[in-house]
Amino acid sequence: MFDIKWIRANAETFDRSMSRRGLGPQSAALLELDDARRKTVADMNALQERRNAASKQIGQAKASGDEEKFKAIMAEVGSLKDEVQALEDKERAQTEALTDALLQLPNLLRDDVPDGGSEADNVERGNYSEPTQFNFAAREHWELGEAAGHMDFETAAKISGSRFVVLRRDLARLERAIGQFMLDLHTQEHGFTEVSAPLLVREEALYGTGQLPKFSEDAFATTDGRWLIPTSEVSLTNLVRESIVDAAELPMRVTSLTPCFRAEAGSAGKDTRGMLRQHQFWKVEMVAVTTPDKSDEEQEYLLSCAENVMQKLDVPYRVLRLCAGDMGATMQRTFDIEAWLPGQDAYREISSVSVAGDWQARRMNARYRNKDGDLDYVHTLNGSGVAVGRALIAVMENYQQQDGSIRIPDVLRPYMGGQEQIDGPA
RNA sequence: GGAGAGGUGGCCGAGUGGUCGAAGGCGCUCCCCUGCUAAGGGAGUAGGCGUCAAAAGCGUCUCGAGGGUUCGAAUCCCUUCCUCUCCGCCA
């Protein structure tokens with residue numbers, strides 16, 4: 001959500017950002033709406049002032065017993081009332097129209113976000129180790145899992161439909177181990193506070209983080225008007241909604257391990273095989289709330305935390321600086337971490353680390369008191385740390401052995417009762 | 001599901017149809033005082049919008065939200081959302 005006053009003062013910057021997002025210039029239409037609104041406000045205020053003054057005189061007239069004056073002013077106020085009412089209605093409608101328009105707009109882009117229209121234009125920012133090499137043909141995760149009998153899409157389809165999976169035995173445990181490991185890493189080494197927050201949220205929470213109003217088709221709604229979270233970014237970021245955060249408590253860093261639910265509308269036919277793209281998956285999320293001057297470095301910090309997960313798992317990855325056309329609407333700058341998947345012979349997204357600036361904070365009305373003692377909006381950031389389902393895939397494919405067994409990364413063994421590998425087909 | 005209570009400033013909390021954006025307290029800021037600290041004394045301290053280059057000032061709106069009664073509503077009425085308590089049910 002944008003501050004219309006900021007748009008008026010920075011129309012060019014604003015329009016350039018929108019253009020880079022593939023939208024036309026937006027400021028002119030918005031400012032026109034706002035000009036009309038402000039004119040109404042001015043008229044309304046003037047009338048209200050007259051009404052208020054007249055009301056006071058009525059009180060005085062009545063007190064002094066001046067019946068004639070009393071009636072005269074009453075008459076004036078009577079007509080003023082309707083006019084004021086009309087202007088108030090007009091003002092409300094105009095403000096609502098402006099707010100609705102502002103709510104639709106994507107976030108600003110930071111200057112260092114590369115231009116580009118698709119993922120092809122993302123810029124590599126660095127990587128960690130070379131792609132894993134095998135002296136046998138690498139299998140995809142679902143081949144490994146189905147062959148060993150602990151990854152079952154058929155049964156999942158009977159229960160829930162496509163894009164669901166049933167994991168059994170060691171693989172179910174490995175999924176749990178990955179989540180536990182990452183959560184412990186963030187809480188014990190990275191300074192995050194673990195949070196267990198709702199998975200079912202009000203519509204307002206999704207407006208706050210920006211999934212609504214534009215992306216309702218991506219999430220699942222319940223029959224009572226609530227929504228299943230598409231990411232715990234929603235629950236965690238909204239922790240500060242409608243509040244004034246104590247500046248001494250910033251940066252606030254929270255993390256949680258939760259299921260995420262996504263409708264995946266519009267990705268029909270994409271990644272249909274395996275568990276890369278599911279309607280339900282586990283994810284460890286990191287959310288940070290900080291002051292505006294600290295959000296850039298905070299994003300670097302979140303990225304380093306996510307990278308640390310990958311390094312400890314010892315899975316090859318690269319970091320991308322997402323281009324304008326590939327970025328989500330709610331963020332100002334995004335770094336993706338892509339894990340190397342030998343079975344696919346490709347890097348695939350496993351984490352996304354973004355800074356939203358004050359865009360979400362304005363929607364949530366989340367503020368803090370700055371050094372001058374004035375209220376200002378906080379900056380919010382989030383990053384996957386990392387997606388559990390995809391980490392499971394990455395571990396399976398990178399740690400696979402010729403016989404279809406899978407070695408267990410060192411850091412996960414404590415969470416697997418010391419087990420060193422998951423056996424392949426019997 | 002049944003019955004009840006309540007939503008007021010950063011927080012707690014008082015509040016009667018008018019002079020209330022709102023007592024008091026806490027917190028915070030500044031000043032005074034004491035060698036330092038603690039304690040004490042004094043002053044200040046809601047937010048949004050509009051106007052303004054900006055600040056000040058001025059105007060206006062806001063006591064959950066929306067509507068109504070009234071010359072006038074935090075206060076009365078209606079609707080609605082939310083929170084809490086008790087009972088029932090339940091992991």
Side-chain angles (χ1 to χ4, degrees), chain A residues 1-11 30-103 196 198-208 212 222-227 238-250 252 259 289 291 358 361-378:
Chain A
M1 175 90 151
F2 288 97
D3 176 9
I4 188 67
K5 284 186 281 190
W6 184 90
I7 293 177
R8 193 180 309 123
N10 301 276
L30 293 166
L31 291 178
E32 197 175 314
L33 273 178
D34 187 49
D35 286 342
R37 186 196 121 259
R38 285 192 297 156
K39 189 183 176 306
T40 306
V41 167
D43 293 348
M44 180 182 75
N45 282 354
L47 269 190
Q48 285 170 329
E49 188 177 356
R50 270 174 61 202
R51 180 200 60 191
N52 292 346
S55 288
K56 236 170 233 169
Q57 290 177 321
I58 288 177
Q60 290 164 357
K62 206 175 185 186
S64 67
D66 188 340
E67 269 305 306
E68 223 165 276
K69 192 177 177 190
F70 176 75
K71 280 180 181 159
I73 303 172
M74 286 275 277
E76 194 203 345
V77 170
S79 69
L80 273 180
K81 237 180 112 171
D82 292 340
E83 290 179 59
V84 168
Q85 183 66 47
L87 280 173
E88 283 175 350
D89 291 345
K90 188 177 174 188
E91 188 274 339
R92 188 174 305 125
Q94 288 178 322
T95 299
E96 195 185 325
L98 181 62
T99 303
D100 286 350
L102 290 172
L103 280 172
S196 174
L199 308 178
L200 222 43
V201 300
R202 310 168 153 281
E203 179 181 83
E204 288 86 341
L206 284 164
Y207 270 93
L212 291 179
T222 62
T223 51
D224 71 349
R226 278 179 252 263
W227 297 76
N238 276 283
L239 286 174
V240 295
R241 73 174 291 119
E242 291 160 52
S243 71
I244 294 171
V245 188
D246 186 350
E249 287 169 16
L250 301 177
M252 181 187 98
V289 176
T291 51
D358 65 7
R362 286 181 182 280
R363 291 170 162 248
M364 296 188 298
N365 197 20
R367 297 175 294 176
Y368 77 105
R369 219 168 266 285
N370 65 24
K371 289 193 182 83
D372 299 328
D374 296 324
L375 290 173
D376 196 4
Y377 292 98
V378 296

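First the proteins, then the strands, lettered A, B, ... as listed; each starts at 1.
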Can you check whether [X] has a side-chain N or O nearer than 4.0 Å to OP1 or OP2 of [N]?
X	N	answer
A:Lys39	B:G50	no
A:Arg202	B:C82	yes
A:Arg38	B:U51	yes

Watson-Crick or G-U counterpart of [N], or none if no pair lies under 3.5 Å:
N	answer
B:G50	B:C58
B:C11	B:G25
B:G72	none
B:U34	none
B:U83	B:A5

Could you report the tightest heavy-atom contact between [X] and [Y], atom names first, then the distance?
X	Y	value
A:Gly208	A:Met364	CA-CG, 3.6 Å
A:Ala247	A:Arg369	CB-O, 3.8 Å
A:Ala361	A:Val378	CB-O, 3.1 Å
A:Arg362	A:Tyr377	NH1-CE1, 3.2 Å

For [X] and [N], give me the distance from atom [atom1] to atom [atom2], rounded to whole Å.
X	N	atom1	atom2	result
A:Ile244	B:G27	CD1	C1'	13 Å
A:Asn370	B:U29	CG	C1'	14 Å
A:Gln48	B:C61	CD	P	4 Å
A:Leu47	B:C61	CG	C1'	15 Å
A:Glu242	B:A46	CD	C1'	17 Å
A:Asn365	B:U62	CG	P	18 Å
A:Gln85	B:G66	CD	P	12 Å
A:Asp376	B:G10	CG	P	15 Å

Work out how far the [atom1] atom of [N] is from that of [M], and round it to whole angstrom.
N	M	atom1	answer
B:G9	B:A23	P	13 Å
B:C84	B:G13	P	15 Å
B:A46	B:G88	C1'	43 Å
B:A38	B:C52	P	47 Å
B:C82	B:U29	P	38 Å
B:A22	B:C31	P	27 Å
B:C86	B:G27	C1'	35 Å
B:U83	B:U45	P	35 Å

message: Using a 4.0 Å heavy-atom cut-off, does A:Arg50 contact any base of the nucleic acid, only the sugar-phosphate backbone, or nothing at all?
response: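 The answer is nothing, as A:Arg50 stays clear of every strand by at least 4.0 Å.
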Nearest to the side chain of [X], heavy atoms from C-beta on, is which of [options]?
X	options	value
A:Lys5	B:C82, B:U60, B:G50	B:G50
A:Ala42	B:G50, B:G67, B:G47	B:G50
A:Arg369	B:G66, B:C82, B:G10	B:G10
A:Arg92	B:G67, B:G47, B:U60	B:G67
A:Arg51	B:G47, B:G50, B:C61	B:C61
A:Arg37	B:G47, B:C49, B:G67	B:C49

field: A:Leu98/A:Leu102 under side chain to side chain contact (heavy atoms under 4.5 Å, CB included): CA gap, chis, key distance, verdict
entry: CA-CA 6 Å; A:Leu98 181 62; A:Leu102 290 172; 4.1 Å; yes
- prompt: When A:Gln94 is tested against each of A:Asp34, A:Thr40, A:Thr99 for side-chain hydrogen bond (donor to acceptor under 3.5 Å, both in side chains), which residue passes?
  reply: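 Going through A:Asp34, A:Thr40, A:Thr99 one by one, the side-chain hydrogen bond (donor to acceptor under 3.5 Å, both in side chains) with A:Gln94 is satisfied by A:Thr40 alone.
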message: Assuming nearest nucleotide by heavy-atom distance, tell me which of A:Asp34 and A:Glu49 is located more 5' along RNA chain B.
response: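 Checking each residue's closest nucleotide, the 5'-ward one belongs to A:Asp34.
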message: Can you work out whether A:Arg8 or A:Met44 has the more 5'-proximal nearest nucleotide on RNA chain B?
response: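 Its nearest nucleotide lies further toward 5', so the answer is A:Arg8.
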- request: Let me see the working for A:Asn370 and A:Thr291 under side chain to side chain contact (heavy atoms under 4.5 Å, CB included), right down to the final yes or no.
  value: CA-CA 8 Å; A:Asn370 65 24; A:Thr291 51; over 6 Å; no
